[in-house]
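Below, chains carry the letters A, B, ... as their sequence lines are ordered, and counting in each starts from 1. Note that these values count all heavy atoms, side chains included, but never hydrogens, waters or copies made by symmetry.
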2 protein chains.
Amino acid sequence: MSTAEAPQQRLLTIGTVCRRLQGEFDDISISKIRYLEDQGLLTPRRTQGGYRMYTEDDVEHLATILRLQRDEFLPLRVIRQVIASPEGSQQRRRKLPPALGTPEDEVTLTELVERSGASPDLVRELDEFGLLAPRTGSGEKRFPETDVEVVTLCARLNQYGLAPRNLRAFRTSADRNAALLEQVVAPALRAKNPERRREGLEDLQSLAEIAQELSALLLGRDLRRLSAS
Amino acid sequence: MSTAEAPQQRLLTIGTVCRRLQGEFDDISISKIRYLEDQGLLTPRRTQGGYRMYTEDDVEHLATILRLQRDEFLPLRVIRQVIASPEGSQQRRRKLPPALGTPEDEVTLTELVERSGASPDLVRELDEFGLLAPRTGSGEKRFPETDVEVVTLCARLNQYGLAPRNLRAFRTSADRNAALLEQVVAPALRAKNPERRREGLEDLQSLAEIAQELSALLLGRDLRRLSAS
DNA sequence: CAAAGGGTCAACCTCAGGTTGAGCCTGTTG
DNA sequence: CAACAGGCTCAACCTGAGGTTGACCCTTTG
(Lines give C-alpha, C1' and ligand atoms only; values in the text may rest on other atoms or scores of the structure.)
Protein backbone atom coordinates (compact mmCIF):
# COMPACT_ATOMS: atom_id res chain seq x y z
CA MET A 1 0.00 0.00 0.00
CA SER A 2 0.98 3.63 -0.02
CA THR A 3 4.43 3.87 1.44
CA ALA A 4 3.90 7.55 2.04
CA GLU A 5 6.68 8.82 4.20
CA ALA A 6 4.17 10.89 6.10
CA PRO A 7 4.78 10.95 9.83
CA GLN A 8 3.73 7.33 10.06
CA GLN A 9 1.81 7.37 13.26
CA ARG A 10 1.34 3.67 13.76
CA LEU A 11 -2.36 3.09 13.12
CA LEU A 12 -4.26 0.12 14.40
CA THR A 13 -7.03 -1.88 12.81
CA ILE A 14 -10.19 -2.64 14.68
CA GLY A 15 -9.11 -6.19 15.49
CA THR A 16 -5.87 -5.01 17.01
CA VAL A 17 -7.62 -2.38 19.08
CA CYS A 18 -10.01 -4.99 20.29
CA ARG A 19 -7.29 -7.39 21.36
CA ARG A 20 -5.42 -4.54 22.97
CA LEU A 21 -8.37 -3.64 25.19
CA GLN A 22 -9.30 -7.16 26.06
CA GLY A 23 -6.97 -6.94 29.02
CA GLU A 24 -8.89 -4.22 30.79
CA PHE A 25 -12.35 -4.84 29.41
CA ASP A 26 -13.42 -8.37 29.00
CA ASP A 27 -16.70 -7.54 27.34
CA ILE A 28 -15.19 -5.66 24.45
CA SER A 29 -15.78 -6.96 20.97
CA ILE A 30 -15.33 -5.78 17.43
CA SER A 31 -19.01 -5.38 16.98
CA LYS A 32 -19.23 -3.32 20.14
CA ILE A 33 -16.55 -0.97 18.92
CA ARG A 34 -18.42 -0.55 15.69
CA TYR A 35 -21.59 -0.01 17.66
CA LEU A 36 -20.04 2.74 19.74
CA GLU A 37 -18.97 4.45 16.57
CA ASP A 38 -22.45 4.16 15.23
CA GLN A 39 -23.66 5.87 18.36
CA GLY A 40 -21.39 8.79 17.69
CA LEU A 41 -18.86 8.14 20.40
CA LEU A 42 -15.91 7.44 18.18
CA THR A 43 -14.74 8.62 14.79
CA PRO A 44 -11.67 6.75 13.64
CA ARG A 45 -10.12 7.55 10.32
CA ARG A 46 -10.74 5.32 7.37
CA THR A 47 -8.45 3.93 4.69
CA GLN A 48 -9.34 4.35 1.03
CA GLY A 49 -10.87 0.93 1.16
CA GLY A 50 -13.04 1.83 4.13
CA TYR A 51 -11.10 0.10 6.91
CA ARG A 52 -11.26 1.81 10.29
CA MET A 53 -7.85 2.88 11.52
CA TYR A 54 -7.27 3.93 15.12
CA THR A 55 -4.58 6.15 16.58
CA GLU A 56 -3.25 5.64 20.08
CA ASP A 57 -5.38 8.55 21.13
CA ASP A 58 -8.44 6.91 19.72
CA VAL A 59 -7.69 3.87 21.79
CA GLU A 60 -7.30 5.95 24.93
CA HIS A 61 -10.53 7.71 24.15
CA LEU A 62 -12.27 4.40 23.74
CA ALA A 63 -10.87 3.16 27.01
CA THR A 64 -12.21 6.25 28.73
CA ILE A 65 -15.64 5.61 27.33
CA LEU A 66 -15.58 2.01 28.45
CA ARG A 67 -14.47 3.05 31.90
CA LEU A 68 -17.27 5.58 32.25
CA GLN A 69 -19.67 2.91 31.20
CA ARG A 70 -18.36 0.21 33.47
CA ASP A 71 -17.38 2.17 36.57
CA GLU A 72 -19.77 5.10 36.57
CA PHE A 73 -22.68 3.26 34.99
CA LEU A 74 -23.24 6.12 32.64
CA PRO A 75 -25.49 5.45 29.68
CA LEU A 76 -23.93 6.11 26.30
CA ARG A 77 -26.10 9.11 25.66
CA VAL A 78 -24.66 10.76 28.74
CA ILE A 79 -21.12 9.71 27.95
CA ARG A 80 -21.54 11.36 24.60
CA GLN A 81 -22.29 14.66 26.33
CA VAL A 82 -19.53 14.33 28.87
CA ILE A 83 -17.02 13.60 26.17
CA ALA A 84 -18.23 16.26 23.80
CA SER A 85 -18.47 19.06 26.32
CA PRO A 86 -15.37 21.16 26.86
CA GLU A 87 -13.15 19.59 29.47
CA GLY A 88 -14.62 21.75 32.22
CA SER A 89 -17.74 19.66 32.07
CA GLN A 90 -20.61 21.28 33.85
CA GLN A 91 -23.18 18.63 33.05
CA ARG A 92 -25.25 19.54 36.05
CA ARG A 93 -28.54 17.73 35.73
CA ARG A 94 -31.04 20.56 35.58
CA LYS A 95 -34.57 19.49 35.34
CA LEU A 96 -35.71 22.03 32.86
CA PRO A 97 -38.83 23.78 33.98
CA PRO A 98 -41.89 23.71 31.77
CA ALA A 99 -41.10 25.65 28.63
CA LEU A 100 -41.44 29.34 28.94
CA GLY A 101 -44.32 30.93 27.20
CA THR A 102 -46.78 28.10 27.68
CA PRO A 103 -49.42 28.45 30.36
CA GLU A 104 -48.84 26.37 33.42
CA ASP A 105 -51.23 24.09 35.24
CA GLU A 106 -52.68 25.40 38.44
CA VAL A 107 -53.55 23.78 41.72
CA THR A 108 -55.81 24.71 44.58
CA LEU A 109 -54.65 25.41 48.08
CA THR A 110 -55.83 21.99 49.18
CA GLU A 111 -53.90 20.26 46.43
CA LEU A 112 -50.89 22.34 47.26
CA VAL A 113 -50.94 21.21 50.86
CA GLU A 114 -51.60 17.64 49.85
CA ARG A 115 -48.95 17.36 47.21
CA SER A 116 -46.24 19.20 49.07
CA GLY A 117 -46.89 17.34 52.27
CA ALA A 118 -46.26 20.50 54.23
CA SER A 119 -48.48 21.73 57.02
CA PRO A 120 -51.25 24.14 56.07
CA ASP A 121 -49.71 26.61 58.48
CA LEU A 122 -46.42 26.60 56.72
CA VAL A 123 -48.09 27.04 53.37
CA ARG A 124 -50.09 29.95 54.69
CA GLU A 125 -46.97 31.59 56.02
CA LEU A 126 -45.12 31.07 52.80
CA ASP A 127 -47.94 32.70 50.94
CA GLU A 128 -47.98 35.55 53.39
CA PHE A 129 -44.31 36.21 52.89
CA GLY A 130 -44.71 36.25 49.17
CA LEU A 131 -43.01 33.02 48.30
CA LEU A 132 -45.97 31.68 46.45
CA ALA A 133 -47.55 33.07 43.35
CA PRO A 134 -51.29 32.57 43.59
CA ARG A 135 -53.62 33.96 41.01
CA THR A 136 -55.99 35.82 43.24
CA GLY A 137 -58.97 35.78 41.03
CA SER A 138 -62.54 34.97 41.71
CA GLY A 139 -63.21 32.56 44.53
CA GLU A 140 -60.52 30.09 45.49
CA LYS A 141 -56.89 30.94 45.11
CA ARG A 142 -55.07 29.00 42.45
CA PHE A 143 -51.34 28.40 42.55
CA PRO A 144 -49.03 27.55 39.68
CA GLU A 145 -47.95 23.95 39.81
CA THR A 146 -44.39 25.05 40.41
CA ASP A 147 -45.44 26.15 43.83
CA VAL A 148 -45.75 22.55 44.92
CA GLU A 149 -42.02 22.19 44.62
CA VAL A 150 -41.45 25.62 46.07
CA VAL A 151 -43.33 24.58 49.16
CA THR A 152 -41.49 21.27 49.38
CA LEU A 153 -38.13 22.99 49.20
CA CYS A 154 -39.12 25.67 51.66
CA ALA A 155 -40.33 23.01 54.04
CA ARG A 156 -36.94 21.37 53.92
CA LEU A 157 -35.20 24.66 54.55
CA ASN A 158 -37.64 25.29 57.34
CA GLN A 159 -36.50 22.10 59.00
CA TYR A 160 -33.02 23.50 59.02
CA GLY A 161 -34.33 26.53 60.82
CA LEU A 162 -35.05 28.92 58.01
CA ALA A 163 -38.49 30.35 58.58
CA PRO A 164 -40.62 31.73 55.76
CA ARG A 165 -39.77 35.20 56.95
CA ASN A 166 -36.13 34.53 56.13
CA LEU A 167 -36.90 32.86 52.87
CA ARG A 168 -38.32 36.04 51.49
CA ALA A 169 -34.79 36.99 50.62
CA PHE A 170 -34.70 34.26 48.00
CA ARG A 171 -37.73 35.66 46.38
CA THR A 172 -36.31 39.14 46.31
CA SER A 173 -33.15 37.87 44.70
CA ALA A 174 -35.06 35.92 42.13
CA ASP A 175 -37.21 38.91 41.30
CA ARG A 176 -34.26 41.13 40.78
CA ASN A 177 -32.48 38.64 38.63
CA ALA A 178 -35.59 38.01 36.60
CA ALA A 179 -36.05 41.72 36.02
CA LEU A 180 -32.47 41.96 34.87
CA LEU A 181 -32.84 39.20 32.34
CA GLU A 182 -36.16 40.47 31.19
CA GLN A 183 -34.68 43.82 30.31
CA VAL A 184 -32.50 42.13 27.76
CA VAL A 185 -35.24 40.38 25.91
CA ALA A 186 -38.06 42.82 26.55
CA PRO A 187 -37.85 44.43 23.11
CA ALA A 188 -38.01 41.06 21.40
CA LEU A 189 -40.94 39.94 23.52
CA ARG A 190 -42.88 43.03 22.66
CA ALA A 191 -42.22 42.63 18.98
CA LYS A 192 -45.05 42.14 16.55
CA ASN A 193 -43.20 39.50 14.60
CA PRO A 194 -43.96 36.14 16.24
CA GLU A 195 -40.69 34.71 15.03
CA ARG A 196 -38.90 37.46 16.87
CA ARG A 197 -40.89 36.75 20.01
CA ARG A 198 -40.06 33.07 19.84
CA GLU A 199 -36.40 33.94 19.62
CA GLY A 200 -36.82 36.21 22.58
CA LEU A 201 -38.22 33.37 24.61
CA GLU A 202 -35.41 31.09 23.60
CA ASP A 203 -32.85 33.69 24.54
CA LEU A 204 -34.59 34.17 27.83
CA GLN A 205 -34.35 30.47 28.49
CA SER A 206 -30.65 30.44 27.72
CA LEU A 207 -30.05 33.49 29.81
CA ALA A 208 -31.88 31.92 32.70
CA GLU A 209 -29.77 28.80 32.51
CA ILE A 210 -26.54 30.73 32.44
CA ALA A 211 -27.65 33.08 35.17
CA GLN A 212 -28.62 30.19 37.30
CA GLU A 213 -25.34 28.49 36.90
CA LEU A 214 -23.57 31.71 37.70
CA SER A 215 -25.60 32.16 40.84
CA ALA A 216 -24.82 28.66 41.94
CA LEU A 217 -21.15 29.25 41.42
CA LEU A 218 -21.14 32.54 43.27
CA LEU A 219 -23.06 31.06 46.14
CA GLY A 220 -20.64 28.17 46.31
CA ARG A 221 -17.72 30.54 46.32
CA ASP A 222 -19.20 32.57 49.13
CA LEU A 223 -19.92 29.55 51.21
CA ARG A 224 -16.50 28.18 50.66
CA ARG A 225 -15.02 31.37 51.90
CA LEU A 226 -17.29 31.60 54.86
CA SER A 227 -16.60 28.04 55.85
CA ALA A 228 -12.88 28.39 55.45
CA SER A 229 -12.53 31.32 57.77
CA MET B 1 -31.58 20.61 62.63
CA SER B 2 -34.08 18.21 64.06
CA THR B 3 -37.53 19.57 64.47
CA ALA B 4 -39.70 17.86 67.03
CA GLU B 5 -41.55 15.18 65.12
CA ALA B 6 -45.25 15.23 65.75
CA PRO B 7 -46.17 11.96 67.39
CA GLN B 8 -49.12 11.57 65.07
CA GLN B 9 -46.97 9.48 62.74
CA ARG B 10 -49.30 10.00 59.90
CA LEU B 11 -49.04 7.21 57.35
CA LEU B 12 -49.62 7.77 53.69
CA THR B 13 -51.20 5.56 51.08
CA ILE B 14 -49.48 4.89 47.81
CA GLY B 15 -51.61 7.36 45.91
CA THR B 16 -50.78 10.15 48.32
CA VAL B 17 -47.11 9.37 48.15
CA CYS B 18 -47.29 9.43 44.42
CA ARG B 19 -48.99 12.82 44.29
CA ARG B 20 -46.55 14.14 46.81
CA LEU B 21 -43.57 13.23 44.68
CA GLN B 22 -45.05 14.42 41.45
CA GLY B 23 -43.61 17.82 42.11
CA GLU B 24 -40.02 16.74 42.00
CA PHE B 25 -40.30 13.68 39.79
CA ASP B 26 -42.64 13.93 36.90
CA ASP B 27 -42.19 10.34 35.84
CA ILE B 28 -43.36 8.84 39.09
CA SER B 29 -46.43 6.63 39.06
CA ILE B 30 -48.17 4.25 41.38
CA SER B 31 -47.08 1.30 39.33
CA LYS B 32 -43.50 2.49 39.43
CA ILE B 33 -43.57 2.71 43.21
CA ARG B 34 -44.88 -0.82 43.38
CA TYR B 35 -42.24 -1.91 40.91
CA LEU B 36 -39.47 -0.44 43.02
CA GLU B 37 -40.80 -2.34 45.97
CA ASP B 38 -40.84 -5.48 43.90
CA GLN B 39 -37.19 -4.85 43.14
CA GLY B 40 -36.42 -4.78 46.81
CA LEU B 41 -35.77 -1.06 47.11
CA LEU B 42 -38.65 -0.25 49.39
CA THR B 43 -40.52 -2.04 52.14
CA PRO B 44 -43.51 -0.06 53.36
CA ARG B 45 -45.69 -1.42 56.08
CA ARG B 46 -48.98 -2.97 55.24
CA THR B 47 -52.40 -2.65 56.80
CA GLN B 48 -54.31 -5.77 57.75
CA GLY B 49 -56.07 -5.48 54.45
CA GLY B 50 -52.80 -5.40 52.54
CA TYR B 51 -52.67 -1.70 51.73
CA ARG B 52 -49.18 -0.24 51.56
CA MET B 53 -48.64 2.50 54.12
CA TYR B 54 -45.69 4.85 53.94
CA THR B 55 -44.03 6.87 56.67
CA GLU B 56 -42.41 10.22 56.01
CA ASP B 57 -39.10 8.45 56.14
CA ASP B 58 -40.23 6.01 53.50
CA VAL B 59 -41.09 8.93 51.29
CA GLU B 60 -37.70 10.52 51.82
CA HIS B 61 -36.07 7.20 51.09
CA LEU B 62 -38.01 6.86 47.90
CA ALA B 63 -37.08 10.38 46.88
CA THR B 64 -33.44 9.50 47.41
CA ILE B 65 -33.76 6.49 45.20
CA LEU B 66 -35.43 8.49 42.49
CA ARG B 67 -32.75 11.13 42.73
CA LEU B 68 -29.98 8.60 42.38
CA GLN B 69 -31.72 7.21 39.39
CA ARG B 70 -32.40 10.50 37.69
CA ASP B 71 -29.33 12.52 38.58
CA GLU B 72 -26.63 9.92 38.89
CA PHE B 73 -28.02 7.55 36.30
CA LEU B 74 -27.54 4.63 38.60
CA PRO B 75 -29.30 1.43 37.64
CA LEU B 76 -31.62 0.03 40.28
CA ARG B 77 -29.35 -2.88 41.05
CA VAL B 78 -26.60 -0.44 42.01
CA ILE B 79 -28.94 1.77 43.97
CA ARG B 80 -29.94 -1.26 45.95
CA GLN B 81 -26.32 -1.74 46.99
CA VAL B 82 -25.71 1.91 47.74
CA ILE B 83 -28.80 2.03 49.90
CA ALA B 84 -28.20 -1.23 51.63
CA SER B 85 -24.53 -0.63 52.36
CA PRO B 86 -23.76 0.22 55.98
CA GLU B 87 -24.28 3.87 56.85
CA GLY B 88 -20.68 4.87 56.97
CA SER B 89 -19.81 3.32 53.68
CA GLN B 90 -17.11 4.77 51.49
CA GLN B 91 -19.49 4.65 48.55
CA ARG B 92 -19.62 8.42 48.60
CA ARG B 93 -19.88 9.53 45.00
CA ARG B 94 -17.65 12.53 44.53
CA LYS B 95 -19.25 15.00 42.30
CA LEU B 96 -17.79 17.98 40.54
CA PRO B 97 -18.26 20.79 43.04
CA PRO B 98 -15.14 20.87 45.16
CA ALA B 99 -16.07 19.94 48.69
CA LEU B 100 -16.71 22.74 51.08
CA GLY B 101 -14.13 23.20 53.72
CA THR B 102 -11.15 22.22 51.63
CA PRO B 103 -8.91 24.90 50.23
CA GLU B 104 -9.32 25.57 46.56
CA ASP B 105 -6.69 25.88 43.89
CA GLU B 106 -5.86 29.34 42.75
CA VAL B 107 -4.95 30.81 39.41
CA THR B 108 -3.22 33.96 38.32
CA LEU B 109 -4.82 36.69 36.26
CA THR B 110 -3.03 35.45 33.17
CA GLU B 111 -4.26 31.94 33.66
CA LEU B 112 -7.73 33.24 34.29
CA VAL B 113 -7.78 35.09 30.99
CA GLU B 114 -6.25 32.15 29.21
CA ARG B 115 -8.51 29.48 30.58
CA SER B 116 -11.76 31.40 30.37
CA GLY B 117 -11.05 32.59 26.88
CA ALA B 118 -12.47 36.00 27.72
CA SER B 119 -10.86 39.30 26.86
CA PRO B 120 -8.55 40.80 29.48
CA ASP B 121 -10.75 43.87 29.45
CA LEU B 122 -13.81 41.94 30.37
CA VAL B 123 -11.98 40.16 33.14
CA ARG B 124 -10.74 43.45 34.49
CA GLU B 125 -14.23 44.86 34.47
CA LEU B 126 -15.67 41.82 36.15
CA ASP B 127 -13.09 42.16 38.85
CA GLU B 128 -13.83 45.81 39.20
CA PHE B 129 -17.51 45.15 39.70
CA GLY B 130 -16.82 42.59 42.32
CA LEU B 131 -17.75 39.45 40.47
CA LEU B 132 -14.41 37.85 41.05
CA ALA B 133 -12.90 36.87 44.35
CA PRO B 134 -9.18 37.49 44.17
CA ARG B 135 -7.00 37.08 47.17
CA THR B 136 -5.28 40.42 47.19
CA GLY B 137 -2.17 39.44 48.96
CA SER B 138 1.43 40.08 48.23
CA GLY B 139 2.33 40.71 44.65
CA GLU B 140 0.17 39.20 41.96
CA LYS B 141 -3.52 38.70 42.49
CA ARG B 142 -4.64 35.12 42.76
CA PHE B 143 -8.17 33.99 41.92
CA PRO B 144 -9.98 30.90 43.07
CA GLU B 145 -10.29 28.38 40.31
CA THR B 146 -14.05 28.76 40.34
CA ASP B 147 -13.55 32.18 38.86
CA VAL B 148 -12.59 30.62 35.57
CA GLU B 149 -16.11 29.39 35.16
CA VAL B 150 -17.52 32.58 36.57
CA VAL B 151 -15.74 34.50 33.86
CA THR B 152 -16.88 32.09 31.18
CA LEU B 153 -20.49 32.42 32.22
CA CYS B 154 -20.28 36.19 32.55
CA ALA B 155 -18.79 36.37 29.11
CA ARG B 156 -21.76 34.54 27.70
CA LEU B 157 -24.18 36.82 29.48
CA ASN B 158 -22.17 39.72 28.24
CA GLN B 159 -22.79 38.56 24.70
CA TYR B 160 -26.46 38.84 25.35
CA GLY B 161 -25.96 42.42 26.42
CA LEU B 162 -25.49 42.11 30.15
CA ALA B 163 -22.46 44.17 31.06
CA PRO B 164 -20.42 43.49 34.18
CA ARG B 165 -22.05 46.48 35.78
CA ASN B 166 -25.41 44.71 35.56
CA LEU B 167 -24.04 41.41 36.67
CA ARG B 168 -23.16 42.82 40.02
CA ALA B 169 -26.75 42.13 41.00
CA PHE B 170 -26.04 38.42 40.84
CA ARG B 171 -23.26 38.77 43.23
CA THR B 172 -25.32 40.76 45.64
CA SER B 173 -28.00 38.12 45.58
CA ALA B 174 -25.52 35.36 46.10
CA ASP B 175 -23.94 37.16 49.00
CA ARG B 176 -27.21 37.68 50.73
CA ASN B 177 -28.28 34.13 50.25
CA ALA B 178 -24.94 32.87 51.47
CA ALA B 179 -25.17 34.99 54.57
CA LEU B 180 -28.61 33.62 55.26
CA LEU B 181 -27.47 30.04 55.02
CA GLU B 182 -24.40 30.73 57.01
CA GLN B 183 -26.41 32.04 59.91
CA VAL B 184 -27.99 28.64 60.26
CA VAL B 185 -24.80 26.70 60.52
CA ALA B 186 -22.59 29.34 62.07
CA PRO B 187 -22.81 27.90 65.57
CA ALA B 188 -21.85 24.46 64.35
CA LEU B 189 -18.97 25.82 62.31
CA ARG B 190 -17.59 27.68 65.28
CA ALA B 191 -17.81 24.64 67.48
CA LYS B 192 -14.72 23.15 69.02
CA ASN B 193 -15.85 19.63 68.37
CA PRO B 194 -14.58 18.69 64.89
CA GLU B 195 -17.41 16.23 64.39
CA ARG B 196 -19.87 18.99 64.96
CA ARG B 197 -18.04 21.17 62.47
CA ARG B 198 -18.11 18.44 59.87
CA GLU B 199 -21.83 18.10 60.32
CA GLY B 200 -22.17 21.82 59.96
CA LEU B 201 -20.39 21.68 56.64
CA GLU B 202 -22.59 18.88 55.45
CA ASP B 203 -25.69 20.75 56.42
CA LEU B 204 -24.37 23.78 54.67
CA GLN B 205 -23.91 21.76 51.52
CA SER B 206 -27.45 20.44 51.71
CA LEU B 207 -28.81 23.87 52.41
CA ALA B 208 -26.97 25.26 49.45
CA GLU B 209 -28.40 22.64 47.16
CA ILE B 210 -31.92 23.21 48.31
CA ALA B 211 -31.54 26.96 48.22
CA GLN B 212 -30.23 26.78 44.74
CA GLU B 213 -33.07 24.71 43.52
CA LEU B 214 -35.49 27.08 45.16
CA SER B 215 -33.87 30.05 43.49
CA ALA B 216 -34.04 28.33 40.15
CA LEU B 217 -37.68 27.64 40.63
CA LEU B 218 -38.50 31.15 41.70
CA LEU B 219 -36.59 32.61 38.83
CA GLY B 220 -38.40 30.32 36.43
CA ARG B 221 -41.71 31.33 37.86
CA ASP B 222 -40.93 35.00 37.52
CA LEU B 223 -39.80 34.64 33.95
CA ARG B 224 -42.83 32.62 33.03
CA ARG B 225 -45.01 35.35 34.35
CA LEU B 226 -43.08 38.08 32.68
CA SER B 227 -43.11 36.28 29.38
CA ALA B 228 -46.79 35.48 29.61
CA SER B 229 -47.92 39.02 30.07
C1' DC C 1 -3.90 -14.87 -5.46
C1' DA C 2 -5.53 -16.86 -1.32
C1' DA C 3 -6.70 -16.40 3.23
C1' DA C 4 -7.32 -13.42 7.01
C1' DG C 5 -9.41 -9.67 8.32
C1' DG C 6 -12.92 -5.75 7.48
C1' DG C 7 -17.13 -3.37 5.88
C1' DT C 8 -22.47 -2.75 5.71
C1' DC C 9 -26.99 -3.70 6.76
C1' DA C 10 -31.07 -5.81 8.51
C1' DA C 11 -32.76 -8.90 11.72
C1' DC C 12 -32.43 -10.49 16.03
C1' DC C 13 -31.57 -10.95 21.02
C1' DT C 14 -31.66 -9.87 26.15
C1' DC C 15 -32.41 -7.21 29.88
C1' DA C 16 -33.91 -3.16 32.56
C1' DG C 17 -37.51 -0.64 33.66
C1' DG C 18 -41.69 -0.09 33.69
C1' DT C 19 -47.26 -0.20 32.02
C1' DT C 20 -51.71 -2.28 31.35
C1' DG C 21 -55.77 -4.75 32.35
C1' DA C 22 -58.59 -8.18 34.51
C1' DG C 23 -60.52 -9.60 38.57
C1' DC C 24 -60.87 -8.97 43.30
C1' DC C 25 -60.56 -6.61 48.01
C1' DT C 26 -60.61 -2.52 51.49
C1' DG C 27 -61.84 1.69 53.66
C1' DT C 28 -64.54 5.73 53.94
C1' DT C 29 -68.42 8.49 53.52
C1' DG C 30 -73.18 10.01 53.04
C1' DC D 1 -75.10 -0.32 54.55
C1' DA D 2 -74.37 0.65 49.93
C1' DA D 3 -71.63 2.92 46.82
C1' DC D 4 -67.44 3.98 45.15
C1' DA D 5 -62.72 5.56 45.10
C1' DG D 6 -58.74 3.68 45.77
C1' DG D 7 -55.63 -0.58 46.53
C1' DC D 8 -54.06 -5.36 45.75
C1' DT D 9 -51.93 -9.24 42.71
C1' DC D 10 -50.45 -11.35 38.77
C1' DA D 11 -49.47 -12.23 34.08
C1' DA D 12 -48.86 -10.27 29.78
C1' DC D 13 -47.05 -6.70 27.39
C1' DC D 14 -44.19 -2.75 25.86
C1' DT D 15 -40.09 0.24 24.81
C1' DG D 16 -35.46 1.41 24.44
C1' DA D 17 -30.56 0.50 25.35
C1' DG D 18 -26.96 -2.05 24.20
C1' DG D 19 -25.33 -5.08 21.65
C1' DT D 20 -24.84 -9.81 18.42
C1' DT D 21 -25.38 -12.53 14.30
C1' DG D 22 -25.26 -13.76 9.63
C1' DA D 23 -25.28 -12.98 4.79
C1' DC D 24 -22.73 -11.09 1.41
C1' DC D 25 -19.06 -8.42 -0.40
C1' DC D 26 -14.52 -5.85 -0.32
C1' DT D 27 -9.22 -4.95 1.26
C1' DT D 28 -4.86 -5.99 2.52
C1' DT D 29 -0.80 -8.37 2.63
C1' DG D 30 2.44 -12.37 2.69
The criterion is side chain to side chain contact (heavy atoms under 4.5 Å, CB included); which residues satisfy it with [X], sequence neighbours excluded?
| X | answer |
| --- | --- |
| A:Ala174 | B:Leu218, B:Asp222 |
| B:Arg115 | B:Val107, B:Glu145, B:Val148 |
| A:Ser206 | B:Tyr160 |
| A:Ala63 | A:Leu21, A:Phe25, A:Glu60, A:Arg67 |

OP1 or OP2 of [N] sitting under 4.0 Å from any side-chain N/O of [X]?
| X | N | result |
| --- | --- | --- |
| A:Arg52 | C:dT8 | yes |
| B:Thr13 | D:dG7 | yes |
| A:Arg46 | C:dT8 | yes |

Is the shortest distance from a Lys or Arg side-chain nitrogen in A:Arg124 or A:Asp121 to a carboxylate oxygen in the other one below 4.0 Å? yes

Walk along nucleotides 22-29 of chain C from 5' to 3' and tag each nucleotide B, S or - by protein heavy-atom contact under 4.0 Å, base first, then sugar-phosphate. ----BS--

Please enumerate all residues that pass salt bridge (Lys or Arg N to Asp or Glu O under 4.0 Å) together with [X], with sequence neighbours excluded.
| X | result |
| --- | --- |
| B:Arg196 | none |
| A:Arg165 | none |
| B:Asp58 | none |

May I have the list of side-chain donor-acceptor pairs in residues 34-43 of chain A shorter than 3.5 Å, sequence neighbours left out?
unit_1  : atom_1 : unit_2  : atom_2 : d
A:Glu37 : OE1    : A:Arg52 : NE     : 2.6
A:Glu37 : OE2    : A:Arg46 : NH2    : 3.0

Bend across the helix from C:dC1-D:dG30 to C:dG30-D:dC1, to 10°, with axes taken over 5 pairs at each end? 10°

Taking only heavy atoms on the protein side, list every residue of residues 30-39 of chain A lying under 4.0 Å from any atom of DNA chain C, sorted numerically. A:Ile30, A:Arg34

Looking only at D:dG18, C:dG7, C:dG17, the nucleotide nearest the A:Pro75 side chain is D:dG18

According to side-chain hydrogen bond (donor to acceptor under 3.5 Å, both in side chains), who are the partners of A:Glu202, at least two apart in sequence or on a separate chain? A:Arg198

